K.L.:
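Can you read through this structure? Questions will come right after.
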Amino acid sequence: MKPFLLLATRAENYAADAEYASFLRYGGLAEGELRRIRLEAEPLPELDLADYSGIFLGGSPFNSSDPEESKSAVQRRVEGELASLLDRVVEQDFPFFGACYGVGTLGRHQGAVIDTTYAEPIGAVEVTLTPDGAADPLLAALPPSFAAYVGHKEACRALPGSAVLLASSATCPVQMFRVGENVYATQFHPELDVEALVGRISTYRHAGYFPPEQADEYIERARASVVDQPEAILRAFVTRYARD
């Protein structure tokens, strides 16, 4: 099987390694089947899409809607590299799945309005499939509504005409969308289980997602939630697109 590619941007080694482990686990992949490039540490090399079965884009501390003057040189480089890559991905309708940061990155690339209107605190929310979502092959194994973990400062306020809305929630209207037939983005994190989420809360307690003194409360709420459906999306993506 040609490997999948994980594009990552988390500078903290613990968070980066935990994210990689989560994509391996819920994608049903061995280490040799998922190559990782940490974009915050090195420029994106020249990629031949024909070498890969598909691309994952993990979450990120970057916010695409931040004012340009406030962005670091690394963030501007990463955004430029991802935009160039998405030019090819969208043109070829190449299998792509962006989790959380994927909404801001793919959405911005396609002309969506990305801002802070529908930011959500870290925790579980109820996500509901649209009719198009219920008919999508990646979501066939999921019930009409399911709990998923979120935590983001920006979200998609208005989708462009090129995108198909697949899932929504009461607090964030765009939870998942598709461009073409094979290019996906979710606002929620299908790669997270409760222990991974607790690790994220601990790692990012001072990153502005919640008051740091409330970290233990967020952890307690996370442990009380039951989230066991979204992981099926990653396995469905791998199953659908794995190729020799």
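Keep in mind that the numbers below use all heavy atoms, side chains included, and drop hydrogens, waters and symmetry copies. What you see is a predicted model; the values in this text were computed from it and never measured.
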K.L.:
Salt-bridged, D136 to R178, with N to O below 4.0 Å?
P.N.:
yes
K.L.:
Indicate whether any N or O donor in one side chain lies under 3.5 Å from an N or O acceptor in the other, for E154 and T116.
P.N.:
no
K.L.:
Using distance alone, with no hydrogens and no angle criterion, decide if D87 and H109 have a side-chain donor and acceptor under 3.5 Å apart.
P.N.:
yes
K.L.:
Could you tell me how the ring of F237 sits relative to the ring of F4: parallel (under 30°), tilted (30 to 60°) or perpendicular (over 60°)?
P.N.:
tilted
K.L.:
So, taking the atom named CE in M1 and the one named OH in Y241, what distance separates them when rounded to the nearest 0.5 Å?
P.N.:
15.0 Å
K.L.:
Would D193 and R25 pass as an ion pair if we require N to O under 4.0 Å?
P.N.:
yes
K.L.:
Closer than 4.0 angstrom, basic N to acidic O: yes or no for E213 and R205?
P.N.:
no
K.L.:
Is it true that R10 and E19 make a salt bridge, defined as a side-chain N closer than 4.0 Å to a carboxylate O?
P.N.:
yes
K.L.:
Is a salt bridge present between E81 and R77, judged by a nitrogen-to-oxygen distance below 4.0 Å?
P.N.:
yes
K.L.:
What is the distance from atom CZ of F62 to atom OG of S72, rounded to the nearest 0.5 Å?
P.N.:
5.0 Å
K.L.:
Measure from NZ or CZ of R221 to the centre of the six-membered ring of Y218 and say whether it is under 6.0 Å with the direction within 45° of the ring axis.
P.N.:
yes
K.L.:
Indicate whether any N or O donor in one side chain lies under 3.5 Å from an N or O acceptor in the other, for T203 and E12.
P.N.:
no
K.L.:
Regarding T128 and S145, do their side chains bring together a donor and an acceptor under 3.5 Å, going by distance alone?
P.N.:
yes
K.L.:
Determine, for E79 against K71, whether the closest basic-nitrogen to carboxylate-oxygen distance falls under 4.0 angstrom.
P.N.:
yes
K.L.:
Can you tell me if CD on E220 sees more than 12 non-hydrogen neighbours from other groups inside 6.0 Å?
P.N.:
no
K.L.:
Assess, by modelled atom type and distance only, whether the side chains of D115 and T117 contain a donor and an acceptor separated by less than 3.5 Å.
P.N.:
yes
K.L.:
How many angstroms lie between atom CG of L6 and atom CZ of R38, to the nearest 0.5 angstrom?
P.N.:
10.5 Å
